[in-house]
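Written below as structure tokens is the structure these notes are about.
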Amino acid sequence: MGPVRITARVDYAVRAALELAAAAPGALTNDAIARAQDIPSRFLQAILGDLQHARLVTSQRGREGGYRLALPPSEISIARVMRVEQGFLADVHGQRPEDVEYPGAAQGLTTVWIAARASYRRVLEQVTLADVVAGTLPAPVTELAAIEDAWRSFGDASTG
């Protein structure tokens, strides 16, 4: 699976959802979100369309219009927002880890990829938009982030 990579599109989607969570139940315009998070407005418009298509965001035209979350921020995980923009949270050559088969000595590698995805997913599924906005992340997440090696690079950039 290589290093965990968060694309700009996924990063922008999560940050836009967090702005909407902070404003909930109020609405924000595309321009207000773009300014607050320094996201290109045209790019953000497409992302908000994706979130709306996924029924995580609603929009309303007019003077009181803008975008708002379709659900309470406490019901939307970071993983749910990420999946809108990238599909699977983790894949191996575009396939789910459990669908990858290796011959010979590498046969057990499938289990390693599944475990790595489970760990990644466990963090992203349990953190909600409300948690991030409130600054109260679940204890297991803060404990993982506090591990000394969590912030240390091991060797070169390919081992990150």
Side-chain angles (χ1 to χ4, degrees), residues 1-24 27-59 66-100 102 109-110 112-135 137-138 140-142 144-147 149-160:
M1 283 189 304
V4 174
R5 296 189 192 278
I6 308 297
T7 66
R9 191 171 187 98
V10 168
D11 181 55
Y12 291 166
V14 172
R15 289 166 46 203
L18 288 167
E19 282 297 320
L20 292 172
L28 293 173
T29 65
N30 179 76
D31 289 340
I33 298 167
R35 276 192 310 275
Q37 289 297 320
D38 195 27
I39 299 172
S41 184
R42 297 185 109 204
F43 198 31
L44 178 60
Q45 187 68 44
I47 290 168
L48 289 169
D50 292 343
L51 294 173
Q52 190 172 3
H53 183 74
R55 295 191 170 123
L56 293 180
V57 168
T58 62
S59 67
Y67 294 90
R68 61 177 40 93
L69 293 177
L71 301 166
S74 61
E75 293 180 21
I76 303 174
S77 70
I78 299 297
R80 190 166 180 186
V81 177
M82 290 176 70
R83 283 189 184 103
V84 170
E85 294 302 333
Q86 74 181 29
F88 303 137
L89 289 179
D91 65 47
V92 180
H93 302 290
Q95 297 180 47
R96 293 175 184 235
E98 62 271 17
D99 294 336
V100 177
Y102 297 101
L109 191 54
T110 299
V112 174
W113 294 154
I114 292 169
R117 181 197 49 197
S119 177
Y120 184 55
R121 187 167 58 190
R122 185 174 297 132
V123 169
L124 297 172
E125 290 286 357
Q126 70 180 331
V127 177
T128 68
L129 298 177
D131 295 333
V132 177
V133 169
L137 300 176
V141 174
T142 56
L144 281 172
I147 295 172
D149 291 345
W151 297 99
R152 186 180 309 156
S153 177
F154 295 101
D156 65 24
S158 67
T159 61

Tightest non-hydrogen contact, residues A46 and R9, listed as CB-NH2, 3.8 Å
Work out which heavy atom in T58 is nearest to a heavy atom in A70; give both atom names and the distance. CG2-CB, 3.8 Å
Could you give the distance from OG (S74) to CG (L69), rounded to the nearest 0.5 Å? 10.0 Å
Please walk me through it: do Y12 and E85 pass side chain to side chain contact (heavy atoms under 4.5 Å, CB included)? CA-CA 10 Å; Y12 291 166; E85 294 302 333; over 6 Å; no
Interatomic spacing from CD1 in I33 to CG in L48 - rounded to 0.5 Å: 5.0 Å
Calculate, to the nearest 0.5 Å, the distance between atoms CD1 and CG belonging to I76 and D131 respectively. 12.0 Å
Between CD on residue Q86 and OG1 on residue T7, distance to nearest 0.5 Å: 6.0 Å
So, does D11 use its side chain to make a donor-acceptor pair with the main chain of A8 at under 3.5 Å? no
Given side chains that start at C-beta, do those of S41 and D31 come closer than 4.5 Å, heavy atoms only? yes
Interatomic distance, CD@E19 vs CG@L129, rounded to 0.5 Å, equals 11.5 Å
Worked verdict on L124 versus S77 for side chain to side chain contact (heavy atoms under 4.5 Å, CB included): CA-CA 7 Å; L124 297 172; S77 70; over 6 Å; no
Thinking salt bridges, do R117 and E98 make one under a 4.0 Å N-O criterion? yes
Of the non-hydrogen atoms in V141 and L137, which two are nearest, and what is the gap between them? CG1-CD1, 4.3 Å
Looking only at non-hydrogen atoms, find the nearest pair between D50 and V84 and report the distance. O-CG1, 3.6 Å
Do you know which two heavy atoms are closest between L44 and A34, and how far apart they sit? CD2-N, 3.4 Å
Only counting residues at least two apart or in another chain, list the ones meeting salt bridge (Lys or Arg N to Asp or Glu O under 4.0 Å) with E125. R83
Can you name the nearest heavy-atom pair linking I39 to R15, along with the distance? CG1-NH2, 4.0 Å
What distance do I6 atom CD1 and M82 atom CE have between them, rounded to the nearest 0.5 Å? 4.0 Å
